[in-house]
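Structure, as C-alpha cells:
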Amino acid sequence: MSAVVMLNTSCDKVSPQGVLMAGTGVEDRVKMSELYYKDYLMDSQNDKFVQPDEAGEYSYSFLVGSDSHITTDPGRMDEMFAIGLENDDLLYCHLGDIADTKAQYYIVLDSLLQAAKERYVNKYYEKNELGRWREKIDLYDPIGFAYDDIKFPFYPVVGNHDLTHNGWALWSNIFHSSFYEFDVHCGYDADGNRVSDHFIFLDTASGTLGKRQVELIEEGLLDGDKNYRHTFVFSHTNIFLPSHLQFASTFPREEAYFLLDQFDKWNVTAVFCGHVHKWDERYFNNAYYITLDSMSERNSSKPGDYIVRVKVNGQGLFEFERVHMDYVASQK
C-alpha cells in the first residue's frame with residue numbers, strides 16, 4: 001500500500017500524515033483565521049477595482065495555479081508572476097500546497113513574493129512629490145501609499161502539504177487567514193448600480209470544512225452584501241475526482257452535498273480545485289468545476305499548460321484558457 005501512496009501523491013518526500021489530511025486541525029485554523037479575517041479582511045479596502053480600457057470596457061483577467069510545492073527552486077511560481085505581469089492580469093490565485101514545509105522553503109517563497117511585489121509596484125505605481133506611491137493611472141491622488149500598504153494581488157488557499165510538520169505556523173506567518181473573500185468591482189450598469197464579482201477562498205486542506213467553517217458559511221460570513229454578476233470559489237480539495245482510480249482525499253459525502261447546495265445559493269460561476277495533480281473540467285448544476293495540474297517543476301518536469309487564465313469581458317462573458325509554462329530547472 002505504501003508504494004501506491006508514493007506514486008499517486010506526486011511528491012518526492014511524503015509524510016503519511018500529509019497524504020490524506022493536514023497536520024493542523026481545521027477547527028484551530030478556522031478559529032485563528034476568523035479573528036484575523038474579522039479584524040483585517042472584512043473591509044472594502046481589500047476589494048479590487050477594474051479600470052476601463054480605451055473603449056470604456058471593464059474587462060479583466062486573473063491567473064490560477066496550484067500545487068507548486070516550492071523547495072529551493074521557485075522557478076515556476078516566478079514564471080507565473082512574470083506571465084501575469086506581462087499580460088496585465090488583475091490578480092493571482094493559488095490552490096494550495098504552495099511549499100513543502102521547511103522553514104528554508106518559506107524563506108525562498110517570501111523572497112520570491114517580495115521580488116514579485118517590487119516588479120508589480122514598479123510597473124503600476126510611481127512616486128509622487130511626497131515620496132509616496134500612487135497608481136500611474138491615478139495622477140490626481142494627493143496622498144498616495146506607503147510601500148508596505150500596497151498589496152501584491154496574490155491570493156492562496158491552504159493545502160494539506162502546507163500543514164505537515166507544523167507548517168501552519170509557516171504558512172500563516174505570511175498569509176494569516178486560511179479563508180477569506182473580496183469583491184472585484186467592474187464599473188456600473190445602465191441604472192447606475194455597481195457591477196461586482198465575488199471571490200471566495202475556502203479552507204479545505206483537511207478534506208473537510210470543519211464545524212466552525214460550516215457555521216460561518218451558514219451565518220453568511222462569506223456571502224458579501226451585493227447581488228453578484230459572477231462568484232468564483234477556490235478550494236484545495238476537490239468536489240469531483242478526475243477518475244475513480246485517482247488516489248486522493250475528498251469531502252465526506254454529506255459535506256460535498258452541503259457545498260454543492262451552497263454553490264447553488266451563491267450562484268457560483270466556477271469552482272477551482274487542485275490537490276490531485278490531474279487536469280479535469282466539468283459542468284454541473286450551472287457551474288464549472290476546474291481541477292488544475294500541479295505546476296511544480298518536480299511533479300511536471302516538462303513544459304506544459306499548468307496554469308489557467310480566466311477572462312471576464314465588459315459584458316460579463318466568462319471564459320478560461322490553459323496557459324503554457326516553459327520553465328525547466330537546470331540539470332545539476
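- Counting non-hydrogen atoms of other residues, nucleotides and ligands closer than 6.0 Å to NZ of K123 gives a total above 12.
- Contact record, K278 with T291: O-CG2, 3.4 Å, taken as the closest heavy-atom pair.
- Of the N and O atoms on the side chains of H185 and S196, at least one donor lies less than 3.5 Å from an acceptor on the other residue.
- Screening V271, V268, I239 against L260 for a side-chain contact (heavy atoms from CB on, under 4.5 Å) leaves a single residue, I239.
- Rounded to the nearest 0.5 Å, atoms CE (M80) and CG (L63) are 5.0 Å apart.
- Between the side chains of S33 and H176, no donor-acceptor pair of N or O atoms lies under 3.5 Å.
- Residues Y155 and F199 form no side-chain contact, since every pair of their non-hydrogen atoms from C-beta on lies 4.5 Å or further apart.
- Across all non-hydrogen atoms, the minimal contact from W266 to I217 is CZ2-CG2, 4.0 Å.
- Distance alone, capped at 3.5 Å, places no donor-acceptor pair between the N238 side chain and the C273 backbone.
- For R229 against G314, the heavy-atom pair with the smallest separation is NH1-O, 4.1 Å.
- Under a 4.0 Å N-O distance rule, the pair K136/E126 does not qualify as a salt bridge.
- Within 6.0 Å of NZ on K226 lie more than 12 heavy atoms contributed by other residues, nucleotides or ligands.
- Within a 6.0 Å sphere centred on OH of Y147, other residues, nucleotides and ligands contribute more than 12 heavy atoms.
- Heavy-atom neighbours of E219 CD from other residues, nucleotides or ligands within 6.0 Å: above the threshold of 12.
- With rounding to the nearest 0.5 angstrom, the CG atom of L221 is 12.0 Å from the CD atom of E215.
- Here D78 contributes atom CG and S111 contributes atom OG; the two are 11.5 Å apart, rounded to the nearest 0.5 Å.
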Inset, instruction - Applying side-chain contact (heavy atoms from CB on, under 4.5 Å), run through I98 and M77 and close with a yes or a no. - result: CA-CA 9 Å; I98 192 169; M77 185 71 81; 3.8 Å; yes
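- One finds the OG atom of S178 at 11.0 Å from the CG atom of D162 (value rounded to the nearest 0.5 Å).
- Atom CG of N299 and atom CG of D97 lie 9.5 Å apart (nearest 0.5 Å).
- A distance of 10.5 Å separates CG in D280 from CG in L292, rounded to the nearest 0.5 Å.
- The residue from F179, F182, F201 that alone fulfils the ring pair (Phe, Tyr, Trp, His ring centres under 6.0 Å) condition with Y37 is F179.
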